[in-house]
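See structure below.
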Amino acid sequence: MPAVTFAVRVKPGAKRDAVGGRWDGTLGEALVVSVRAPAVDGKANEAVCRVVANALSVRARDLVVSRGQRSRDKLMKLEDAPPDTARRLAALRGSIVEDPQTPRPG
């Protein structure tokens with residue numbers, strides 16, 4: 001299956017990991033991704049790959065940040081994308097999905 005490239009807008013240091021919403025930024029229509037990880041030493045980029053992979057039901061190692069490693073606006077590339085990836089990305093841009101694997105502060 002072909003690779004898919006899409007834009008994301010990252011919110012590092014958030015209260016919880018979540019995927020969803022739309023940001024009209026410099027890279028076009030981007031998916032908003034909030035991660036608890038700080039923007040230090042690539043931790044936020046790793047968290048973005050993990051959270052987006054969970055939301056798309058793909059392996060995190062199949063996702064890479066192809067542009068914007070040190071920016072909030074990034075281009076991500078998904079290798080071997082499932083056929084319904086475009087539909088799932090569009091649905092995520094219109095909603096917010098919390099990462100179920102992230103423990104909530106209690």
Side-chain angles (χ1 to χ4, degrees):
M1 291 181 215
V4 172
T5 301
F6 57 96
V8 297
R9 171 69 172 193
V10 179
K11 294 182 177 182
K15 290 183 180 182
R16 67 184 191 278
D17 292 345
V19 178
R22 189 177 115 182
W23 174 268
D24 293 322
T26 58
L27 300 175
E29 186 178 297
L31 175 64
V32 177
V33 181
S34 300
V35 293
R36 293 174 9 137
V40 176
D41 297 330
K43 290 181 182 180
N45 286 343
E46 291 172 17
V48 167
C49 289
R50 181 185 50 78
V51 171
V52 172
N54 285 339
L56 294 175
S57 300
V58 298
R59 298 178 302 192
R61 67 178 181 235
D62 290 340
L63 275 168
V64 294
V65 177
S66 61
R67 181 173 163 195
Q69 283 79 3
R70 297 177 148 243
S71 171
R72 288 180 183 227
D73 295 313
K74 302 178 183 304
L75 278 181
M76 298 193 75
K77 185 175 182 181
L78 173 60
E79 297 292 339
D80 298 322
D84 65 341
T85 300
R87 181 190 59 77
R88 294 177 95 178
L89 285 169
L92 286 169
R93 285 187 198 107
S95 66
I96 297 175
V97 178
E98 287 188 42
D99 185 352
Q101 295 183 354
T102 301
R104 293 183 120 182

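Just so you know, residue 1 is the first one in the sequence shown, and it goes up from there.
- Under a 4.0 Å N-O distance rule, the pair D62/K77 does not qualify as a salt bridge.
- Side-chain atoms of S57 do not come within 3.5 Å of backbone N or O of A53 as any donor-acceptor pair.
- Under the rule for a side-chain hydrogen bond (donor to acceptor under 3.5 Å, both in side chains), R61 has no partner lying at least two apart in sequence or in another chain.
- Atom CG of L78 is separated from atom SG of C49 by 10.0 Å, given to the nearest 0.5 angstrom.
- Every residue meeting the side-chain hydrogen bond (donor to acceptor under 3.5 Å, both in side chains) condition with R9, not counting sequence neighbours, appears here in chain and number order: D73.
- The minimum heavy-atom distance linking P38 with P12 is given by the pair C-CB, 4.4 Å.
- The minimum heavy-atom distance between L56 and R88, with the atom names listed, is O-NH1, 2.7 Å.
- Looking at residues two or more places apart in sequence or on another chain, you find a side-chain hydrogen bond (donor to acceptor under 3.5 Å, both in side chains) between D24 and R22.
- Between V8 and R72, every side-chain heavy-atom pair lies at or beyond the 4.5 Å cut-off.
- Residues V58 and P82 meet the side-chain proximity criterion, which asks for heavy atoms closer than 4.5 Å.
- Listed here is the closest heavy atom pair of A37 and A47: CB-CB, 3.8 Å.
- Shortest non-hydrogen contact noted between A14 and S34 is CB-CB, 3.8 Å.
- For K43, there are no salt bridge (Lys or Arg N to Asp or Glu O under 4.0 Å) partners two or more places apart in sequence or in a different chain.
- From K74, atom NZ reaches atom CG of L31 across 13.5 Å, with rounding to the nearest 0.5 Å.
- Contact check for F6 versus L92: no side-chain heavy atoms found under the 4.5 Å cut-off.
- Residues forming a side-chain hydrogen bond (donor to acceptor under 3.5 Å, both in side chains) with R67 (at least two apart in sequence, or on another chain): none.
- If you take CG on L89 and CG on D84, they are separated by 9.5 Å, rounding to the nearest 0.5 Å.
- Smallest separation of non-hydrogen atoms from V48 and M76: CG1-SD, 3.7 Å.
- Counting heavy atoms from C-beta outward, N45 and R70 have side chains that stay 4.5 Å or more apart.
- Partners of R93 according to the salt bridge (Lys or Arg N to Asp or Glu O under 4.0 Å) rule, which considers only residues two or more places apart in sequence or in another chain, are E29.
- Criterion: ILVMFWY side-chain heavy atoms under 4.5 Å apart, direct or through other members. Under it, V51 and V4 are part of a common hydrophobic cluster.
- Note: the hydrophobic cluster containing V10 does not contain W23 (ILVMFWY, side chain heavy atoms under 4.5 Å, direct or indirect links).
- Grouping the Ile, Leu, Val, Met, Phe, Trp and Tyr side chains by contacts below 4.5 angstrom, directly or via other members, places V32 apart from L75.
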